[in-house]
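Worksheet for the structure shown next.
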Amino acid sequence: MTKKVAILAVLLAMVAAPLVAQNARPALKPGEIPLPYPVVKTTAQPGDFVIAPAREFFDRAVADGLDKTGMIYYGAYMEKPGPAESQLKTLTGRVVTLPNALIIPVRRGEQAAVGDIVLGTWQSGSGLQRAIVIAGGTPAAPKVRYLDLDYDNPAGVGKKDDTLKADCFHKQRDGLLVGNVVAVKAPGGYKRLLVTGVSGEKVLGIGFAGRLAVAAKADCTPLPIKPAVKPGDKVMIPSMGSFRPAVVERVDAAIGRVFATYQFGGKPETKAIAFGDVAVSLP
């Protein structure tokens with residue numbers, strides 16, 4: 001190695017060293033996620049339907065940081081449950097391992113009636129989905145209208161009906177429960193979080209742009225899955241991940257939407273808000 005080459009190598013190493021140190025992340029133990037959330041067990045048994053993010057998204061979050069990675073959840077089946085992490089078989093037949101904290105078990109044998117709110121996945125696409133049961137299905141395989149798809153989506157998916165498969169959904173009830181939305185107290189207001197896990201005093205969930213976040217249970221206010229509101233009522237609704245004041249224009253209980261008007265960019269805008277996303281009052 002010539003003297004010039006040796007000097008160049010040293011300079012390159014000096015430049016790269018801070019980058020390596022900056023990007024280095026501690027290795028995770030089995031069941032850990034890159035958030036202050038505990039390692040948990042799973043209630044899912046072999047063969048149970050579960051909802052979990054793709055392994056690729058988890059790996060990306062570990063490498064790049066959760067603040068740079070949105071999580072997309074998919075349906076899968078429990079292959080081999082473990083005390084900290086479990087093996088899943090995806091709908092495409094791949095076997096992957098994920099921390100139990102990221103796996104949402106779905107109860108078998110659930111039945112739902114018209115008007116019930118259920119938790120499942122988008123049968124025609126991807127993603128964790130809340131939905132309201134509409135007429136036309138059966139209790140074990142209900143027909144639904146999805147709530148977590150934008151009602152005014154240009155492709156029209158927010159206004160289309162779908163049918164859930166048996167044993168691939170479960171019915172929701174009010175409270176600080178997986179699948180419900182909470183308003184998390186934050187500086188200057190409240191942030192929206194869709195709960196994916198609760199352990200001790202910690203709440204794990206999906207925030208703005210699909211980013212995973214952890215909140216203290218004491219800072220979380222669960223929203224009712226069926227808000228008791230009428231035209232003219234003042235409410236709080238989520239916009240860009242935060243809650244802002246709005247006024248109810250009308251309620252369409254059949255499709256689980258509250259149409260509310262709020263100020264956006266200095267102009268009034270009316271938006272179709274999903275049941276479960278409307279705050280009647282916040283502390």
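Side chains included, hydrogens not; waters and symmetry mates left out as well; all remaining heavy atoms used. Everything quoted here is computed from the prediction, not taken from an experiment.
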Quiz item: Cluster partners of Phe259, using ILVMFWY side-chain heavy atoms under 4.5 angstrom, listed by chain and number?
Solution: Tyr151, Ile255

Quiz item: Less than 4.0 Å between a side-chain N and a carboxylate O, is that true for Lys143 and Asp162?
Solution: no

Practice problem: Quick one: pull up CZ in Arg130 and CG in Leu194 and give me the separation to the nearest 0.5 Å. | Solution: 6.0 Å

Quiz item: Within the distance-only criterion (no hydrogens, no angle test), does the side chain of Asn153 pair as donor or acceptor with the backbone N or O of Asp150 below 3.5 angstrom?
Solution: no

Quiz item: Within the side chain of Thr42, is there an N or O that forms a donor-acceptor pair under 3.5 Å with the backbone of Ala44?
Solution: yes

Self-check item: Separation between CG of Asp148 and CD of Gln129, rounded to the nearest 0.5 Å
Solution: 5.0 Å

Quiz item: Should Glu249 and Thr261 be marked as a side chain to side chain donor-acceptor pair (under 3.5 Å) after you check the CA-CA gap, both sets of side-chain angles, and the distance that decides it?
Solution: CA-CA 7 Å; Glu249 298 294 333; Thr261 299; 3.0 Å; yes

Quiz item: Is there a chain of hydrophobic side chains (I, L, V, M, F, W, Y, each step under 4.5 Å between heavy atoms) that links Val178 to Ile117?
Solution: no

Self-check item: Reference residue Ile206; test side chain to side chain contact (heavy atoms under 4.5 Å, CB included); the match among Val195, Val181, Leu212
Solution: Leu212

Quiz item: Does Arg173 have any salt bridge (charged side-chain N to carboxylate O under 4.0 Å, His left out) partners at least two apart in sequence or in another chain, and if so, which?
Solution: none

Quiz item: Is any side-chain heavy atom of Val198 closer than 4.5 Å to a side-chain heavy atom of Leu176?
Solution: yes

Exercise. Would you please test Leu28 and Ile33 for side-chain contact (heavy atoms from CB on, under 4.5 Å) and show each step?
Key: CA-CA 7 Å; Leu28 296 176; Ile33 62 175; 5.5 Å; no

Practice problem: Following the transitive rule for hydrophobic clusters with a side-chain heavy-atom cut-off under 4.5 Å over Ile, Leu, Val, Met, Phe, Trp and Tyr, establish whether Val184 and Val278 coincide in one cluster. | Solution: no

Self-check item: Spacing of Cys168 atom SG and Asp48 atom CG [to the nearest 0.5 Å]
Solution: 10.5 Å

Quiz item: Backbone N or O of Ala216 within a donor-acceptor pair of the Asp219 side chain at under 3.5 Å?
Solution: no

Quiz item: Does Gly115 offer a backbone N or O that forms a donor-acceptor pair with the side chain of Lys226 under 3.5 Å?
Solution: yes

Quiz item: Atom CZ of Phe275 and atom CG of Leu147: how far apart are they, to the nearest 0.5 Å?
Solution: 8.5 Å

Quiz item: For residues Ser86 and Asn100, is any side-chain donor paired with an opposing acceptor at under 3.5 Å?
Solution: yes

Self-check item: Heavy-atom closest contact (Ala246 atom, Ala260 atom, distance)
Solution: CB-CB, 4.0 Å

Quiz item: Looking at CZ of Arg257 and NZ of Lys159, how far apart are the two atoms once the value is rounded to the nearest 0.5 Å?
Solution: 10.0 Å

Practice problem: Could you go through the side-chain contact (heavy atoms from CB on, under 4.5 Å) check for Val280 and Val229 one step at a time? | Solution: CA-CA 7 Å; Val280 179; Val229 296; 3.9 Å; yes

Self-check item: Test item: Asp233 side-chain N/O and Lys230 main-chain N/O as donor-acceptor pair under 3.5 Å
Solution: yes

Quiz item: What heavy-atom pair brings Ala215 and Cys220 nearest, and what distance separates the two atoms?
Solution: CB-SG, 3.8 Å

Quiz item: Is Arg145 salt-bridged to Asp161, going by a charged N under 4.0 Å from an acidic O?
Solution: yes

Quiz prompt | Pairs satisfying ring-ring contact (aromatic ring centres under 6.0 Å, His included), at least one member in residues 170-220, at least two apart | solution = none

Self-check item: Side chain proximity check, Tyr74 to Leu91, heavy atoms < 4.5 angstrom
Solution: no

Practice problem: Specify the closest pair of heavy atoms between Asp167 and Gly109, including all atoms of both residues, with the distance to one decimal. | Solution: OD1-N, 2.7 Å

Practice problem: Check for a donor-acceptor pair, side chain of Thr90 on one end and backbone N or O of Arg94 on the other, with a separation under 3.5 Å. | Solution: yes

Quiz item: Leu35 and Tyr73: same hydrophobic cluster, using ILVMFWY side-chain contacts below 4.5 Å?
Solution: yes

Practice problem: Check whether any side-chain heavy atom of Leu119 sits under 4.5 Å from a side-chain heavy atom of Leu128, and report yes or no. | Solution: yes

Quiz item: Do you know which two heavy atoms are closest between Gly158 and Leu149, and how far apart they sit?
Solution: CA-CB, 4.2 Å

Quiz prompt | side-chain hydrogen bond (donor to acceptor under 3.5 Å, both in side chains) partners of residues 192-216, not counting sequence neighbours, each pair once | solution = Arg192-Asp277

Quiz item: What heavy-atom pair brings Leu98 and Leu88 nearest, and what distance separates the two atoms?
Solution: CD1-CD1, 4.1 Å

Quiz item: Does Val133 share a hydrophobic cluster with Val157, counting links as ILVMFWY side-chain heavy atoms below 4.5 Å and allowing steps through other members?
Solution: yes

Quiz item: Which atom names give the shortest non-hydrogen contact between Phe169 and Pro139, and what distance separates them?
Solution: CZ-O, 3.7 Å

Quiz prompt | Short side-chain to backbone donor-acceptor contact, Lys217 and Gly200, under 3.5 Å | solution = yes

Self-check item: Lys29: salt bridge (charged side-chain N to carboxylate O under 4.0 Å, His left out) partners, not counting sequence neighbours
Solution: none

Quiz prompt | Side chain to side chain, Val50 and Ile104, heavy atoms closer than 4.5 Å | solution = no

Practice problem: Begin from the C-alpha positions of Lys165 and Glu110 and carry the test salt bridge (charged side-chain N to carboxylate O under 4.0 Å, His left out) through to its verdict. | Solution: CA-CA 11 Å; Lys165 296 178 181 179; Glu110 288 280 287; over 6 Å; no

Quiz prompt | Residue pairs fulfilling ring-ring contact (aromatic ring centres under 6.0 Å, His included) with at least one residue in residues 77-97, sequence neighbours excluded | solution = Phe49-Tyr77

Self-check item: Backbone N/O of Gln263 and side chain of Arg244: donor-acceptor pair under 3.5 Å
Solution: yes

Quiz item: Within the distance-only criterion (no hydrogens, no angle test), does the side chain of Asn180 pair as donor or acceptor with the backbone N or O of Gly175 below 3.5 angstrom?
Solution: yes

Practice problem: Give, for atom CD of Gln87 and atom CD of Glu85, the distance between the pair rounded to the nearest 0.5 Å. | Solution: 9.0 Å

Exercise. Determine whether Phe243 and Leu223 make a side-chain contact, defined as any pair of heavy atoms from C-beta on separated by less than 4.5 Å.
Key: yes

Quiz item: Should Phe58 and Ile72 be regarded as members of a common hydrophobic cluster, given that ILVMFWY residues are connected when their side-chain heavy atoms come within less than 4.5 Å of each other, either directly or indirectly?
Solution: yes

